[in-house]
Amino acid sequence: MHAIVVTEPGGPDALRYRRMPDPVAGPGEVLVRTRAIGVNYRDVYVRRGEYPAELPVPGLEGAGEVVAVGEGAEVAVGDRVAWAYGKASYAELVAVPADQCVPVPDGIDWQVAGGALLQGMTAHYLLESVYRPAPEEPVLIHAGAGGMGQLLVQWAAARGAKVITTVSTDEKEKLAREAGAWHVLRYGDDLAGQVRELTDGEGVHAVYDGVGAATFEASLASLRPRGTLALFGSASGRVPPFDLQRLAELGSLLVTRPVLPHFVRTRAEVLWRANEVFGALSDNVLRVRFGGTYALSEAEQAHRAIESRTTTGSLVLLPD
Ligand code: NDP
């Protein structure tokens, strides 16, 4: 098979398209021929060597047809499956833990199943299990035109929250408005002051921050007392060490740093979140906008695009 291989962590050119031995489905695994593979910002951190255990083949998510079944896996050859938390997914063949595979319903195409499930399930756990905004509550979601951002804005707005979001360009502002944002702001420009003005001086109930270092302080300053900061990513860099005493001074704030694996710990949880995402897609509550579709061999270009901050929406690789 062909796969993307990183032998030496580094820039986007570290992603090499190579022939590799076909993987084998071990006990509890299924072998899947991929039809679509999601590109996530986390894959950038992996390529740079921040999670060395996951190399040489990067990639967490994808979708395709089952071609072989390992011992004890309750999936059949020919099933259409997708996974959000697998491994070595930038490949034509992937061995996936069967308990992370979900059936892809009719009406959900490969690109959406393989390119947006991880972001959809992340939006689900953030809005359902980390902080669930009530109708009319103001919340702040950073990078509202990104892959995660558009899904979070759409879902929070559909639940009645008043979504304030940030973007860096006019084009992104338009997309964030289409996703249902109540107000779209730019980073800088006394962001927290603007958020307070929009919320009668109170601040928001929750901030969903996948940008990290560049926005962390403004996120804290945008919260009302006892507000929640869900720091779910670090596209601009990691947040430096932090003195917890400041949370008291800022208003008994709650700060959490959640990651997907801790929210898909049981089979029931995997199926619940995936089915809610597929349901929201079928009902048009969520609409996936792809910011780029690339051949598997073009993974390098996909990484250049997402890191250049010019992409809008989800990115996907399609095997040749
Ligand atoms: P995006 O499509 O959102 O791309 C990142 C966006 O972040 C950019 O488009 C840009 O939007 C914004 N950004 C702000 N500052 C920078 C910077 N210095 N460099 C690059 N981008 C910047 O990516 P994803 O949707 O894949 O991921 C978004 C975040 O969510 C990432 O941090 C990712 O790690 C995290 N994530 C976390 C998960 C979890 O379980 N914890 C699961 C999935 C994703 P703009 O130009 O408008 O600012």
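Owing to the predicted nature of the structure, the values given are computational and were not obtained by experimental measurement. One-based numbering, in listed order, for ligands and for the atoms of each.
Between Gly233 and ligand 1, a contact under 3.5 Å exists for no N or O pair. Between Thr166 and ligand 1, no pair of N/O atoms sits closer than 3.5 Å. At under 3.5 Å, a nitrogen or oxygen of Lys172, whether backbone or side chain, sits near a nitrogen or oxygen of ligand 1.
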Under the criterion ring pair (Phe, Tyr, Trp, His ring centres under 6.0 Å), I'd like the reasoning laid out for His2 against Tyr17: C-alpha separation, chi angles, the key distance, then a yes or no. CA-CA 7 Å; His2 285 97; Tyr17 186 63; 4.8 Å; yes
Between Thr199 and Ile164, does a side-chain contact (heavy atoms from CB on, under 4.5 Å) hold up when you go through it step by step? CA-CA 10 Å; Thr199 53; Ile164 303 170; 4.2 Å; yes
Please determine whether salt bridge (charged side-chain N to carboxylate O under 4.0 Å, His left out) holds for the pair Arg132 and Glu128, giving the CA-CA distance in whole Å, both sets of side-chain angles, and the decisive distance to 0.1 Å. CA-CA 5 Å; Arg132 192 177 212 283; Glu128 192 66 41; 3.1 Å; yes
Intermediate values then yes/no, side-chain contact (heavy atoms from CB on, under 4.5 Å), Thr228 and Leu223: CA-CA 7 Å; Thr228 298; Leu223 286 165; 5.6 Å; no
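Ring pair Tyr131/His205 is parallel by interplanar angle, where below 30° counts as parallel and above 60° as perpendicular. Using bins of under 30°, 30° to 60° and over 60° for the plane-to-plane angle, the ring pair Tyr90/His303 lands in the perpendicular bin.
Only the side chain of Gln119 comes within 4.0 Å of ligand 1, counting heavy atoms alone; its backbone N, CA, C and O stay farther away. The parts of Leu260 lying near ligand 1 are both backbone and side chain, judged by heavy-atom distances below 4.0 Å. In Tyr187, the part holding a heavy atom less than 4.0 Å from any atom of ligand 1 is the side chain. Contacts with ligand 1 closer than 4.0 Å are made by heavy atoms of both the backbone and the side chain of Met148. Heavy atoms of Pro258 found under 4.0 angstrom from ligand 1 belong exclusively to the backbone.
Arg35 places no side-chain N or O within 3.5 Å of a backbone atom of Asp109 that could act as its donor or acceptor partner. Panel note: side chain Arg273, backbone Phe263; a donor-acceptor pair is recorded below 3.5 Å.
Both Ile141 and Leu286 belong to a common hydrophobic cluster when Ile, Leu, Val, Met, Phe, Trp and Tyr are linked at side-chain heavy-atom distances under 4.5 angstrom.
Side-chain contact annotation: Glu92 with Thr34, donor-acceptor N/O pair under 3.5 Å absent. Side-chain atoms of Thr165 and Trp182 form no donor-acceptor pair, as typed in the model, at a separation below 3.5 Å.
The nearest heavy-atom contact from the protein to atom 42 (C) of ligand 1 is Thr122 OG1, 3.3 Å. The shortest contact between atom 17 (C) of ligand 1 and any protein heavy atom is with Ala235 O, 3.6 Å. Remark: minimum distance from atom 4 (O) of ligand 1 to any protein heavy atom is reached at Tyr41 CD1, 3.8 Å. Ranking protein heavy atoms by distance to atom 3 (O) of ligand 1, first place goes to Gly146 CA, 3.5 Å. Counting only heavy atoms of the protein, atom 6 (C) of ligand 1 lies nearest to Ala143 CB, 4.2 Å. Looking from atom 2 (O) of ligand 1 to the surrounding protein, the closest heavy atom is Gly147 N, 2.9 Å. Summary of contacts: the protein heavy atom closest to atom 47 (O) of ligand 1 is Ser168 N, 3.2 Å.
Taking each of Phe232, Tyr45, Tyr125 in turn, the one with a heavy atom nearest to atom 40 (O) of ligand 1 proves to be Tyr125. Ranked by closest heavy atom to atom 8 (C) of ligand 1, the top entry among His262, Met121, Arg309, Glu171 is Arg309.
Within the structure, the closest approach of Phe263 to ligand 1 does not fall below 4.0 Å when heavy atoms are considered.
Counting heavy atoms from C-beta on, the side chains of Arg226 and Leu253 never come closer than 4.5 Å.
Between Glu173 and Arg186, at least one side-chain N (NZ, or NE/NH1/NH2) sits under 4.0 Å from a carboxylate O, which counts as a salt bridge.
Here is the list of ligand 1 atoms found below 4.0 Å of a heavy atom in Gly210: 29 (C), 31 (C), 32 (O). Taking every heavy atom of Val211 and a limit of under 4.0 angstrom, the matching atoms of ligand 1 come to 14 (C), 15 (N). Against a heavy-atom cut-off of under 4.0 Å, Ser234 is close to the following atoms of ligand 1: 32 (O). Close contacts between ligand 1 and Leu118 involve ligand atoms 42 (C), 43 (C) [criterion: under 4.0 Å to a heavy atom].
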